[in-house]
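Computed from heavy atoms alone, side chains included, the values below leave out hydrogens, waters and symmetry copies. Numbers restart at 1 for each chain; the letters A, B, ... are given by sequence-line order, proteins then strands. No experiment lies behind these values; they were computed from the predicted model shown.
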2 protein chains.
Amino acid sequence: MTTSIKDVALLAGVSVATVSRVLGNGPVSAALRAKVEAAVAQSGYRPNLSARRLRSQHTHTIGLIVSDIRNPFFTSVSRAVEDVAYQAGMRVILCNTDENPDKEAMYLRLMQEERVSGVIFAATRATADALDVAGLGFPVVMIDRAGPAARCDAVLLDNRAAAAQLVEHLLGCGYRRIGGLFGNTSSTGAERHAGFAEAMERVGLPAAARFVAPSAEAAQAEAAKWLREAGAPEALIASNGLLLLGVVKAVREAGVAVPGRLALAGFDNDSWTELADPGMTVIEQPVDEIGRAAMEMLLERLERPERPLRKVVLAGRLVERGSSQPRG
Amino acid sequence: MTTSIKDVALLAGVSVATVSRVLGNGPVSAALRAKVEAAVAQSGYRPNLSARRLRSQHTHTIGLIVSDIRNPFFTSVSRAVEDVAYQAGMRVILCNTDENPDKEAMYLRLMQEERVSGVIFAATRATADALDVAGLGFPVVMIDRAGPAARCDAVLLDNRAAAAQLVEHLLGCGYRRIGGLFGNTSSTGAERHAGFAEAMERVGLPAAARFVAPSAEAAQAEAAKWLREAGAPEALIASNGLLLLGVVKAVREAGVAVPGRLALAGFDNDSWTELADPGMTVIEQPVDEIGRAAMEMLLERLERPERPLRKVVLAGRLVERGSSQPRG
DNA sequence: GCTGGCATTGAAAACGATTACATTTTTCCT
DNA sequence: AGGAAAAATGTAATCGTTTTCAATGCCAGC
């Protein structure tokens with residue numbers, strides 16, 4: 001039996017309305033305010049957020065839906081989102097979908113039941129394409145994966161350009177037979193593949209691409225197989241940190257020299273890429289910036305629902321390390 | 001203007017009570033149940049969780065309070081917690097305290113206002129010692145850091161034993177002048193230091209220990225300084241993944257050979273520790289198990305509030321890698 | 001053909017806050 | 001001092017559910 005606003009009112013000898021006004025800094029005389037504050041302190045009163053949300057019709061809550069918080073990209077993004085959110089007096093509900101469309105649908109339904117103010121969403125390609133944003137009842141900011149053509153705000157990396165930048169870097173280092181390993185569920189993978197293919201075509205080279213499930217294990221298996229084939233690539237691009245990790249494990253296991261027999265490059269400047277031997281050449285994503293931008297964009301959208309849609313496209317930064325050293 | 005249970009009742013031609021009963025599978029005739037379900041489907045009705053929570057006095061929500069979700073240990077733990085929680089129909093509110101007691105207090109207050117069913121808490125030493133669990137109004141399961149003597153459930157690593165295990169391993173590899181670098185805010189750091197000091201004393205060696213703020217930067221700075229001093233250690237133990245990372249960076253920068261001039265060992269089997277050159281010898285914590293055990297323990301406590309307090313102590317696993325190779 | 005009992009159903013009272021509106025008190029002007 | 005306007009306060013409705021309690025309908029048993 002926790003103490004309610006009624007108990008505080010009784011204790012302070014005022015009406016519940018006055019207590020509410022003191023808490024929400026409405027107009028109250030100094031004398032009553034003092035009495036109420038004393039009563040609050042004495043009773044250890046804590047407002048009930050469920051009641052407050054029900055009555056005010058504002059939940060001050062947003063959803064953050066990602067594939068897996070253990071992916072370092074999402075770890076950092078989520079931390080940035082939460083920092084901005086809590087500063088703005090908003091709570092965050094975190095959901096892990098494992099790139100599973102059923103889970104995505106389930107969590108979206110949950111978001112509706114929670115009556116969230118808005119959602120930041122890293123959707124799979126399937127969901128992103130089919131999503132009826134308007135019918136959801138709350139604004140959505142897409143991150144990482146693009147939304148259905150221009151139907152909602154988004155914060156994205158320029159994936160095509162970043163992939164192309166990797167290709168050009170590898171070409172500049174003297175590699176020609178370049179392969180790419182991409183995730184088969186995200187639109188991110190598709191875009192990076194597009195950038196990769198375009199850049200290769202631009203110089204008239206064939207773009208050998210393979211698609212795998214988004215896990216280190218799948219990447220490891222595919223890479224191991226690929227490396228045993230005739231005409232295996234001289235350089236390999238992996239479309240995210242997890243896939244790159246799988247590739248590195250396969251390479252270690254097979255005893256392949258890097259970059260001697262195989263150069264590597266990928267995405268996501270995870271801590272291990274710096275400390276591995278050799279260090280991994282990667283595109284670093286501005287993770288804090290992505291999280292902060294997404295949350296700020298959502299807040300602005302909530303403030304002015306009618307403002308035109310926006311897409312913020314951020315550039316990646318090439319971090320050159322030993323895994324792609326010039327051939328000598 | 002979202003549709004409420006009232007609209008559904010009107011549409012189905014029944015009372016709101018009946019709709020509520022259909023949703024909560026109370027006793028309803030098949031005929032009415034069908035009509036209600038049709039009305040629910042047609043109207044796209046979504047129950048309002050705030051209202052439900054207010055009325056039922058059950059929030060089905062727990063709090064997870066950690067220092068920083070970017071710490072891989074907490075990343076994995078949180079994922080495990082959330083999986084178990086969602087399966088049990090519970091929501092999770094995640095809070096990052098940055099080991100800041102003020103933030104801890106603030107989030108605990110927030111948990112009260114949310115009327116959470118319970119909290120899983122990785123507290124700083126200061127808060128863990130001073131915490132008045134009984135006055136909080138909800139059960140607490142401590143993780144990682146021990147709670148105030150036996151006042152609440154806990155899931156812990158056997159830190160003393162683990163630290164001792166590292167010391168014995170290093171001794172067995174021929175190292176004698178062993179130093180330890182520990183976090184100065186967590187009780188984890190304190191316990192690991194105790195295990196370290198005891199193990200060293202047991203063999204009659206001096207235990208050189210230093211304490212730093214819980215960040216890679218602080219560890220890097222302290223390690224760099226230490227290595228320049230006369231009588232610098234031959235082997236160094238770092239009390240968590242972040243500190244070990246800092247030490248490795250300092251070592252790289254100073255061009256110190258590992259393990260030739262300095263052997264290294266630490267805690268947390270983060271992915272980089274395997275891929276770094278040389279690989280890091282570490283104590284691996286059963287992260288999934290810790291998260292799952294904590295959440296299950298909380299659920300059991302909610303079911304039977306009067307059951308006696310329990311502490312689950314899990315053993316770490318020594319992973320031997322190149323950074324602590326026997327001197328030769 | 002009643003009556004007692006059981007299973008369904010509905011009306012209305014909570015849950016704990018905010019807020020529109022009515023009322024009281026104060027302020028300030030003439 | 002009197003009265004109008006402004007400020008402070010209280011009363012009561014409301015948010016969307018669940019749940020208690022009373023009412024209804026139906027059936028079996030006599």
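For the side chain to side chain donor-acceptor pair (under 3.5 Å) test with B:Thr185, the passing option among B:Glu99, B:Arg125, B:Arg145 is B:Glu99; the others fail.
Using modelled atom types, one side-chain atom of B:Thr75 and one backbone atom of B:Ile69 make a donor-acceptor pair closer than 3.5 Å. Proximity of a side-chain donor or acceptor of A:Asp68 to a complementary backbone N or O of A:Asp98 within less than 3.5 Å is not detected. The backbone N or O of A:Thr97 lies less than 3.5 Å from no partner atom in the side chain of A:Asn100, so there is not a single donor-acceptor pair. In this structure a side-chain-to-backbone donor-acceptor pair under 3.5 Å is missing from B:Asp83 to B:Ala80.
Rounded to an integer number of Å, the gap from A:Lys35 NZ to D:dG10 C1' is 14 Å. C:dT19 atom P lies 12 Å from atom CG of A:Leu54, rounded to whole Å. Between the NZ atom of A:Lys6 and the P atom of D:dT11 there is a distance of 12 Å, given to the nearest Å. What separates CG of B:Leu23 from P of D:dG16 is a distance of 15 Å, to the nearest Å. Taking atom CG of residue A:Asn48 and atom C1' of nucleotide C:dT18, one finds them 13 Å apart after rounding to whole Å.
The residue among B:Ser56 and A:Ser56 whose nearest nucleotide of DNA chain C lies closer to the 5′ end is B:Ser56.
Taking side-chain N and O atoms only, A:Gln57 has a distance below 4.0 Å to OP1 or OP2 of D:dG16.
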Classify every nucleotide of nucleotides 5-14 of chain C by which part a protein heavy atom approaches to under 4.0 Å, writing B for the base, S for the sugar-phosphate alone and - for neither, in 5'-to-3' order.
---SBBB-BB
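Judged by distance alone, the side chains of A:Thr61 and A:Glu114 never bring a donor and an acceptor atom under 3.5 Å apart.
B:Leu32 has its side chain out of reach of B:Val22: every pair of non-hydrogen atoms, C-beta onward, lies at least 4.5 Å apart.
Residue pairs meeting the side chain to side chain donor-acceptor pair (under 3.5 Å) criterion with at least one member in residues 34-48 of chain B, sequence neighbours excluded, are A:Gln112-B:Arg46.
The residue A:Ser4 sits close only to the backbone: its heavy atoms come under 4.0 Å of sugar-phosphate atoms, none of a base.
If one axis is set at each end of the helix from C:dG1-D:dC30 to C:dT30-D:dA1 from five pairs, those axes are 50° apart, to 10°.
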